[in-house]
Amino acid sequence: MRLKLVKDDTNFDFFSRPTLWLGISVFLMVLAFGSFMVRGLNYGIDFQGGTTIRTESAQPVDVGAYRAALGALDLGDVVISEVFDPNFGPDQNVAMVRIQAQEGQEAVSGEVITQAEAALVAIVPDIKFVSVESVGPKVSGELIWTAAIAVSLAIFAVLVYIWLRFEWQFAAGAVLALVHDVILTIGIFSEFGIRFDLSIIAALLTIVGYSLNDTVVIFDRVRENLIKYKSRDLKEVLNLSINETLSRTFMTSGTTLLALIALLVLGGDVIRGFVFAMTWGIIVGTYSSVFVASAFLLWLGVKRDWTKPTDTTGNQFGDVDA
Amino acid sequence: MLQIDPWKRVGIWLTLAVGVALAMPNLFYSRVEQHNDAAAAIEMGLDTAENREAVGAWPSFLPSGLVNLGLDLRGGAHLLAEVQVQEVYEARIEALWPDVRDVLRAERAAVGTIRLQPSDTGELRVRISEQAGMPQALEAVRRLATPVVSLTGAGSTDLDISADGSDIVVTLSEAERQATDERTMQQSLEIIRRRIDEVGTREPTIQRQGADRILIQVPGVGSAQELKDIIGTTAQLTFQPVVGRTTNAGDVPGVGNELLPSLDEEGAFYILETAAVVTGEELVDAQPSFDQNGRPAVNFRFNPAGARKFGDYTAANIGNPFAIVLDNEVISAPVIQSHIPGGSGIITGNFTVEESTQLAVLLRAGALPAGMEFLEERTIGPELGQDSIDAGKIATTVAFTAVLLFMGAAYGLFGLFANIALILNIALLFGALSLIGATLTLPGIAGIVLTVGMAVDANVLIFERIREELKTARGPARAIELGYEKALSAIIDANITTFITAVILYVMGSGPVRGFAITLGLGIMTSVFTAIFVTRLLIVIWFERRRPKTLEV
């Protein structure tokens with residue numbers, strides 16, 4: 001007896017309401033963008049400069065007392081939050097203290113850190129500073145710029161690759177799906193105020209890679225079926241291709257999500273934001289392969305003349321002997 | 001039909017064997033690490049019984065490469081420093097004034113009186129009272145300029161000298177600035193490296209980043225502040241009279257003397273007068289060069305005060321050795337051949353070209369040539385790193401088990417083949433990481449977990465395809481073959497696009513993000529290999545033995 005996530009020979013019509021799905025996607029994107037504009041992102045120190053101190057002590061975290069102790073130092077905006085994680089032991093009480101970048105300082109000053117640590121030790125004698133990170137505004141400005149370039153570059157590289165391997169309509173569909181995924185991910189980060197730091201950019205790029213992976217598998221089948229069924233109309237071919245690859249789509253997303261959820265629950269709080277971004281991205285990316293990339297491809301239409309001198313799979317890798 | 005050439009089979013088995021062998025040391029991480037540390041210590045001359053035992057704990061014929069743990073897993077300190085290179089220009093320009101004054105005084109008849117004017121930093125402004133004498137004045141000052149020795153600055157001189165009304169303006173030329181920056185950065189790197197090596201920590205990373213930045217990552221240091229203190233200490237360079245030489249570390253040097261070890265000669269010690277003749281603060285330059293016999297040597301130059309002291313001392317002590325001491329170690333103890341006036345001299349010895357270059361760098365490296373601003377500092381405690389490793393281990397194990405069960409349930413025997421391939425994939429990934437000495441970071445662990453999830457994708461594609469091909473009933477062998485063949489284009493496209501993003505992450509990212517990019521990129525390569533070649537090999541071997549008439553995937 002085999003486990004089957006999708007029964008054989010499915011025949012769903014994914015494009016019975018094409019405008020509805022595209023509409024929902026556009027609506028979600030507008031919503032995400034709106035949230036980003038209104039709330040902005042909760043930038044980590046990588047992008048904004050400043051200092052974070054992770055403290056650990058056997059005593060319960062008293063956020064008020066911490067705030068009072070640090071407030072006396074006049075360090076500007078100080079955010080204190082307690083951290084919870086199922087991996088923590090009973091005597092492990094963890095808090096994150098975040099201090100804004102100090103006015104008029106291009107570089108990091110050790111003084112601020114020393115002062116803050118001394119103030120905390122005064123109220124919680126057994127406190128330990130398990131990590132202290134400080135980024136100057138000069139570097140953080142560059143980091144955010146580099147990050148933006150990295151994401152744009154990735155999307156552009158993908159555009160070029162798909163264009164070379166398929167047709168421009170496919171590239172446009174794939175890239176729209178990527179933009180959709182990136183915007184929705186940024187949207188959920190701004191809506192829930194989850195800390196957005198350098199590792200989230202890595203997650204975004206992975207989502208770009210994954211979502212594309214999914215889209216390309218479907219497109220690959222679409223191309224094959226376009227050659228095979230020259231007379232069927234595009235909508236039919238798209239539906240057929242998505243149905244044929246549906247089982248694979250669910251299997252792969254399933255295994256990846258299994259792995260990510262294990263990491264999300266058990267991987268510790270340090271990378272939780274990163275893993276969350278990826279988990280969300282995989283869900284959105286799987287959705288967008290069908291309802292954004294393929295829907296957009298249907299809307300754009302595609303040339304039907306594939307009479308290139310090619311074999312059945314229709315590409316230069318077709319005859320690689322594995 | 002369904003078959004694989006024997007040489008291909010051998011290739012696949014060999015790749016797997018090498019991969020597994022390279023990955024294996026990571027299973028015995030602490031033992032191999034102690035072995036490696038001890039082996040390095042013995043290499044350095046610390047041949048103790050303890051070290052020998054640690055070396056013996058891991059057979060030397062086995063590979064001993066390990067995946068390095070990043071700062072976020074091991075704990076330690078990270079600093080990004082910006083070297084204030086322009087400080088060096090200012091110092092250079094300010095030091096020019098006495099020379100400019102001297103050459104202009106010689107032309108007093110034509111240029112009249114000369115006066116130093118207040119000016120912007122990095123420029124020297126001298127006013128002459130007779131504007132008519134300007135061409136002569138410029139010519140005189142220009143004689144001070146020397147050609148720049150660098151690849152890019154060939155043909156230009158180190159000073160830009162121009163007239164502005166009745167002012168002579170002297171600045172460093174663009175070529176000289178670049179050459180100076182280069183020297184400043186090299187000196188800074190060299191000094192930082194020496195400082196950190198002295199502390200003796202494992203695998204520090206000291207890298208130049210961009211034009212004027214230095215990245216310093218040191219595992220095992222308690223805090224970034226501690227690291228700053230280590231770097232900030234200035235190097236002490238002194239020139240001291242030599243009293244005697246000994247091989248006994250227990251010798252009593254006597255009042256006013258001290259006993260210092262030699263830098264390159266094991267077991268050699270010098271007895272020196274404690275009072276230095278000249279110190280490194282008075283050294284203005286040191287360059288590798290050759291002596292009159294064409295042997296590698298080092299040229300150095302003192303400032304005027306240092307030159308006077310050095311000249312007086314050498315005149316009085318011809319035939320005696322004097323020691324060049326850096327941080328309480330004797331670099332060399334040459335014999336004074338003649339009176340050395342003018343404050344410049346040459347150090348000869350049994351140098352190779354590399355050694356003379358190194359010595360010149362060390363001599364210049366007395367103190368940090370310019371100040372540093374710290375743009376980024378991070379301290380990660382070892383407990384946090386250990387917590388992250390533990391959490392990562394649990395998560396990876398759970399993810400791994402879940403995926404194995406899932407694949408087994410979905411594809412039966414073929415799922416088992418895919419699972420074997422997946423396990424081999426992880427072994428290959430660790431082998432590759434150990435081979436290139438990559439650094440594993442926390443996002444890197446996430447990259448591995450993601451690889452576990454995604455690695456089965458290629459097999460899923462193939463198996464689903466085989467299922468489809470079976471429906472057209474052309475026999476199991478043909479179905480398997482077609483399944484692999486037709487799934488290939490989707491696998492290649494899907495993996496290349498993900499690989500592109502991994503490359504971009506690697507190029508644009510830094511630190512932990514780069515660690516993630518490496519595991520993701522390598523994971524893609526190993527997973528494509530295992531999913532395509534290894535599962536195919538397993539299936540072919542199984543098929544040859546069983547010759548099944550029907551196939552259930």
Side-chain angles (χ1 to χ4, degrees), chain A residues 2-3 54 87 106-108 110 128-136 138-139 146 149-150 153-154 157-158 161 165 198-199 201-202 205-206 208-210 212-213 216-217 220-221 244 247-248 251-252 254-256 258-260 262-263 266-268 270-271 274-275 278 313 315 317-318 320 322, chain B residues 80 223-225 228 373-381 383-384 387-388 391-392 394-395 398-399 402-403 406-407 409-410 412 442-443 446 449-450 452-454 456-457 460-461 464 468 484 486 488-490 492-494 496-498 500-502 504-505 508-509 512-513 516 520 532-533 536:
Chain A
R2 294 280 194 269
L3 169 79
R54 186 182 168 100
N87 291 325
E106 273 293 288
V108 171
K128 280 188 294 182
F129 305 104
V130 287
S131 82
V132 181
E133 303 189 50
S134 201
V135 179
K138 191 170 181 178
V139 178
T146 318
I149 293 177
L153 203 63
V158 158
Y161 183 80
R165 293 280 286 137
L198 209 53
S199 67
I201 296 294
L205 283 172
T206 316
V208 166
Y210 184 87
L212 200 67
N213 188 314
V216 164
V217 168
D220 197 74
R221 188 59 74 99
E244 279 178 351
S247 168
R248 174 265 159 196
M251 277 302 293
T252 299
T255 52
T256 310
L258 268 181
L260 283 174
L263 204 56
L266 302 166
V270 181
I271 50 167
F274 175 68
V275 179
M278 263 189 314
T313 48
N315 66 77
F317 292 110
V320 173
Chain B
L80 181 66
S223 75
Q225 189 57 45
K228 281 198 231 172
E373 266 195 24
F374 295 100
L375 303 179
E376 202 181 305
E377 58 172 83
R378 296 173 198 262
T379 310
I380 290 110
E383 313 94 338
L384 184 62
D387 288 352
S388 296
I394 297 170
V398 171
V403 171
F406 192 64
M407 285 297 285
L442 192 52
V449 174
L450 191 70
V452 169
M454 285 176 69
V456 294
D457 180 53
V460 170
L461 275 168
E464 293 290 333
E468 281 175 46
Y484 273 92
K486 291 197 173 171
L488 192 65
S489 101
I492 300 273
D493 278 337
I496 285 183
T497 44
T498 313
I500 291 175
T501 57
I504 289 172
L505 266 179
M508 309 288 289
V513 173
F516 173 73
L520 186 67
I532 296 178
F533 294 95
R536 192 181 159 114

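This is a predicted model, so every value here is computed, not measured. Side chains included, hydrogens not; waters and symmetry mates left out as well; all remaining heavy atoms used. The sequence lines fix the lettering, A, B, ..., with proteins before strands; numbering per chain opens at 1.
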In terms of heavy-atom pairs under 4.5 Å with chain B, the winner among A/Met251, A/Arg54, A/Lys128 is A/Met251
Those residues at least two apart in sequence (or on a different chain) that pass side chain to side chain donor-acceptor pair (under 3.5 Å) with A/Ser134 are A/Thr51
Output for pair (B/Leu461 CG, A/Asn213 CG), nearest 0.5 Å, gives 8.0 Å
The reported gap from CG in B/Asp493 to CG in A/Leu212 (rounded to nearest 0.5 angstrom) is 9.0 Å
Per side-chain contact (heavy atoms from CB on, under 4.5 Å), A/Val130 is matched among B/Ile380, B/Asp387, B/Leu384 by B/Leu384
Counting heavy-atom pairs under 4.5 Å with chain B, the top scorer among A/Val270, A/Val275, A/Thr206, A/Val158 is A/Thr206
In short, B/Ile504 meets A/Ala154 closest at the heavy-atom pair CD1-CA, 3.3 Å
Cut-off 4.5 Å, heavy atoms of chain A, and the answer for B/Ser388 is side chain
Rounded to the nearest 0.5 angstrom, the CG-CG distance for A/Asp220 and B/Leu488 is 9.5 Å
Bottom line for B/Ile500: the part with an atom under 4.5 Å from chain A's heavy atoms is side chain
Here the gap from B/Met407 atom CE to A/Thr255 atom OG1, rounded to the nearest 0.5 Å, amounts to 7.0 Å
When every non-hydrogen atom of A/Tyr161 is compared with those of B/Ile492, the smallest separation belongs to OH-O, 4.5 Å
Could you please spell out the steps behind the side chain to side chain contact (heavy atoms under 4.5 Å, CB included) verdict for A/Phe129 and B/Thr379?
CA-CA 9 Å; A/Phe129 305 104; B/Thr379 310; over 6 Å; no
Taking 4.0 angstrom as the limit, do A/Arg221 and B/Glu468 come out as a salt bridge?
yes
When every non-hydrogen atom of A/Val217 is compared with those of B/Ala494, the smallest separation belongs to CG2-CB, 4.3 Å
Closest non-hydrogen contact found for A/Gly268 with B/Ala391 is N-CB, 3.8 Å
Applying a strict 4.5 Å limit to non-hydrogen atoms, the region of B/Asp457 in contact with chain A is both
Note: B/Ala395 and A/Leu263 closest approach over all heavy atoms is CB-CD1, 3.3 Å
The reported gap from CG in A/Leu266 to CD1 in B/Ile394 (rounded to nearest 0.5 angstrom) is 6.5 Å
Heavy-atom closest pair (B/Ala399 atom, A/Ala262 atom, distance to 0.1 Å) is N-CB, 3.8 Å
Are A/Tyr210 and B/Thr501 close enough that some pair of their side-chain heavy atoms sits under 4.5 Å apart?
no
Under 4.5 Å to a heavy atom of chain A? For B/Glu383 that would be side chain
B/Glu376 meets the side chain to side chain donor-acceptor pair (under 3.5 Å) criterion, sequence neighbours left out, with B/His78, B/Arg378
